[in-house]
Number of protein chains: 2
Amino acid sequence: MTALDATTKAPADIIDLGPALSLRGTRMHFERNEEIFGEGEPAEYLYRVVSGAVRVMRFSTDGRRQILSFHLPGEVFGIELADKHSLTAEALDSTEVVMVRRSLLEKAAAEDARAARCWLEHASHTLDNARDHALILGRKGAGERVAAFLLGISKRLGQELDLPMSRADIADYLGLTIETVSRAFTEMERQHAIGLPSSRHVVMRNRSTLAMAAA
Amino acid sequence: MTALDATTKAPADIIDLGPALSLRGTRMHFERNEEIFGEGEPAEYLYRVVSGAVRVMRFSTDGRRQILSFHLPGEVFGIELADKHSLTAEALDSTEVVMVRRSLLEKAAAEDARAARCWLEHASHTLDNARDHALILGRKGAGERVAAFLLGISKRLGQELDLPMSRADIADYLGLTIETVSRAFTEMERQHAIGLPSSRHVVMRNRSTLAMAAA
DNA sequence: CGCTACTTTGACGCTCCTCAAGTAGCGTGG
DNA sequence: CCACGCTACTTGAGGAGCGTCAAAGTAGCG
């Protein structure tokens, strides 16, 4: 079931972590930049994006922000094992989510080994993404980072897409500054790898050029 | 049960992921720089370090290396859900490990919800470490990265320790070069934050200076 | 004792950050 | 409907930090 299917076909108030793990929850709305959960708060719920988009991030002690992931319609976030959140999640835009009490997930996992496995599978994918992210942050240049970001987002949103996040969000995701991200976008447009009819609207023109640039 | 306890008290050929999950395995020895498992290979085993140390890493397509974690005596690594490893693990030094067939773990998790939870807890800690790592790689300067590394390793090896890894390994863990890591070490010694009687032997002299530097 | 691998140190250059100015898009109110 | 102000984005100039290249120093090992 792809992200797209989830928005269109899945029942609106269900979080579906796999064949053996569907949980009923309640819908909730968040405004642009509104906090969904914050570091240190009790982790009472897990979430699925219905519409809109979400950023998940961690802060250093002196306030610098690292965005760890973006979540688009159909995607699940906020599943933690610990009682308290170690991350902060905010709506990128006016966003609709389904929230399910964590106790329901705990109960399902305790009663059904297949459900526990679905949970584990989700954690495993999250971990794999985090590892790719570390490779990007540790070993790639600015152009490569932005190319990797664009390839990742267009895999989820298609060849032509509206970015739900600002340049500042992209910068904090890629470990760069706003200006560097902006220059990379401009340069890719100049090379006809992408089209930029407006700053948030991206057309993937030459995927292989980008794949090359992402190394 | 701490890492130190595990080397001294735990039965040598047991991998212990928590109160409900102890698995018997077999010992195996690896030489310095020997591969324990490689990307793409079937993930048949999980591992615990008995003595020595291990680096776990991922490569970019053009061969650049990002070290994701180091594993010291008592620590578990190589637990994957996927059938194939997406990472490579190598011995940093002459290293003794216990290996347990993954099928045993799968069986334990399928039969006992508490065992599955232990597995999930391990994944959760791994993920939390990966997130801290992303913050370091994305948003910290060279000095801060090295300080964070030293604090992390001394938390596991004590105030006075022998680094099992080279400057090149530290550089590939922190997203820096050998030279930059070396310069940061020298600078910290100059500030009496650490002592460096030899290049691999570190004495933590002023933890709070380092904690400050790690920001 | 001499080789080899690792580490340190220095000089220089490139990438990306900083600071600053200017532009574009958009909602609000006149 | 346009003026205005706000925020986001772009562009440029200059500088800092880290990478690159080169060489010398050090330690382990046959």
Side-chain angles (χ1 to χ4, degrees), chain A residues 31-33 53 55 62 64-66 92-94 136-150 162-191 194-202 213 215, chain B residues 31-33 53 55 60 62-66 90-94 136-150 162-191 194-202 213 215:
Chain A
E31 288 306 320
R32 174 186 171 75
N33 293 330
R55 61 175 168 252
D62 63 341
R64 280 170 288 180
R65 179 178 80 154
Q66 177 63 48
L92 283 168
D93 203 343
S94 182
I136 287 169
L137 294 174
R139 284 283 168 247
K140 297 199 173 173
E144 296 174 316
R145 297 188 198 198
V146 174
F149 165 76
L150 284 172
D162 282 300
L163 293 173
M165 70 289 284
S166 69
R167 296 290 187 266
D169 290 321
I170 299 172
D172 281 350
Y173 177 71
L174 295 176
L176 300 168
T177 58
I178 303 174
E179 295 92 329
T180 300
V181 171
S182 178
R183 280 186 250 266
F185 269 85
T186 305
E187 177 61 16
M188 284 169 184
E189 188 186 27
R190 206 192 55 76
Q191 293 174 358
I194 60 171
L196 273 178
S198 80
S199 68
R200 300 285 188 107
H201 194 86
V202 180
Chain B
E31 289 304 321
R32 173 185 171 74
N33 293 330
R55 60 174 168 252
S60 67
D62 63 342
R64 279 169 289 179
R65 179 177 79 153
Q66 177 63 48
E90 292 173 352
L92 282 169
D93 202 343
S94 182
I136 287 169
L137 294 174
R139 284 283 169 248
K140 296 197 176 177
E144 296 173 317
R145 297 189 198 198
V146 174
F149 166 76
L150 284 171
D162 282 298
L163 294 172
M165 68 291 282
S166 69
R167 296 290 187 265
D169 290 321
I170 299 172
D172 281 350
Y173 176 70
L174 296 177
L176 299 168
T177 60
I178 303 174
E179 295 92 330
T180 300
V181 172
S182 178
R183 280 186 250 266
F185 270 85
T186 305
E187 177 60 15
M188 284 169 185
E189 189 187 24
R190 206 191 57 73
Q191 294 175 356
I194 60 171
L196 274 179
S198 81
S199 70
R200 299 286 186 106
H201 194 84
V202 180

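Quick caveat, the model's predicted, so the values are computed rather than measured. Convention: sequence-line order gives letters A, B, ...; per-chain numbering from 1.
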Who pairs with [X] by side chain to side chain donor-acceptor pair (under 3.5 Å), at least two apart in sequence or on another chain?
X	value
A/N33	A/R55
A/E189	none
A/S94	A/H29

Original post:
By side chain to side chain contact (heavy atoms under 4.5 Å, CB included), which residues pair with A/S199, not counting sequence neighbours?
Top reply: A/R167

Original post:
Got a sec, which residues hit side chain to side chain contact (heavy atoms under 4.5 Å, CB included) with A/A148, two or more places apart in sequence or on another chain?
Top reply: A/I136, A/A214

For atom [atom1] of [X] and atom [atom2] of [N], their distance in whole Å:
X	N	atom1	atom2	answer
A/F185	D/dA8	CZ	P	16 Å
A/L92	D/dA8	CG	P	12 Å
A/R200	D/dT10	CZ	C1'	14 Å
A/H201	D/dC9	NE2	P	15 Å
A/I178	C/dC16	CD1	C1'	14 Å
A/L196	C/dG25	CG	P	12 Å
B/E189	C/dT7	CD	P	15 Å
B/R190	C/dT8	CZ	C1'	16 Å

Original post:
In dot-bracket, 5' to 3', how would DNA chain D read with Watson-Crick or G-U wobble pairs under 3.5 Å, [ ] for crossing ones and | for pairs to another strand?
Top reply: ||||||||||||||||||||||||||||||

State, to 0.1 Å, how close [X] and [Y] come at their nearest heavy-atom pair, and which atoms those are.
X	Y	result
B/V202	B/F185	CG2-CE2, 4.2 Å
B/Q66	B/D172	NE2-O, 3.0 Å
A/R32	A/L92	NH1-O, 3.7 Å
A/K140	B/S60	CE-CB, 4.3 Å
A/A215	A/E144	CB-OE2, 3.3 Å

Please report, to 0.1 Å, the donor-acceptor pairs under 3.5 Å made by any side chain of residues 173-184 of chain A, with sequence neighbours excluded.
unit_1 : atom_1 : unit_2 : atom_2 : d
A/T177 : OG1    : A/T180 : N      : 3.4
A/T177 : OG1    : A/T180 : OG1    : 3.1

Subject >> Sugar-phosphate only, base, or nothing, as touched by A/R145 at under 4.0 Å among non-hydrogen atoms >> reply: nothing

**OP:** Nearest-nucleotide wise, let me know which of B/S182 and A/K140 is further upstream toward the 5' end of DNA chain C.
**Re:** B/S182

Original post:
Is there a residue in residues 162-176 of chain A whose heavy atoms reach under 4.0 Å of DNA chain D, and which residues are they?
Top reply: A/S166, A/R167

**OP:** Name all residues meeting the salt bridge (charged side-chain N to carboxylate O under 4.0 Å, His left out) criterion together with A/D62; count only those two or more places apart in sequence or in a different chain, and write none if there are none.
**Re:** A/R64

Original post:
For B/E31, what residues pass the salt bridge (charged side-chain N to carboxylate O under 4.0 Å, His left out) criterion, not counting sequence neighbours?
Top reply: none

Identify all pairs in which a protein N or O lies below 3.5 Å from an N or O of nucleotides 13-15 of chain C, and state each distance.
none

Original post:
Is any side-chain heavy atom of B/P164 closer than 4.5 Å to a side-chain heavy atom of B/R200?
Top reply: no

**OP:** Using a 4.0 Å heavy-atom cut-off, write out nucleotides 20-30 of chain D from 5' to 3' as B (base contacted by protein), S (sugar-phosphate only) or - (no contact).
**Re:** BB---------

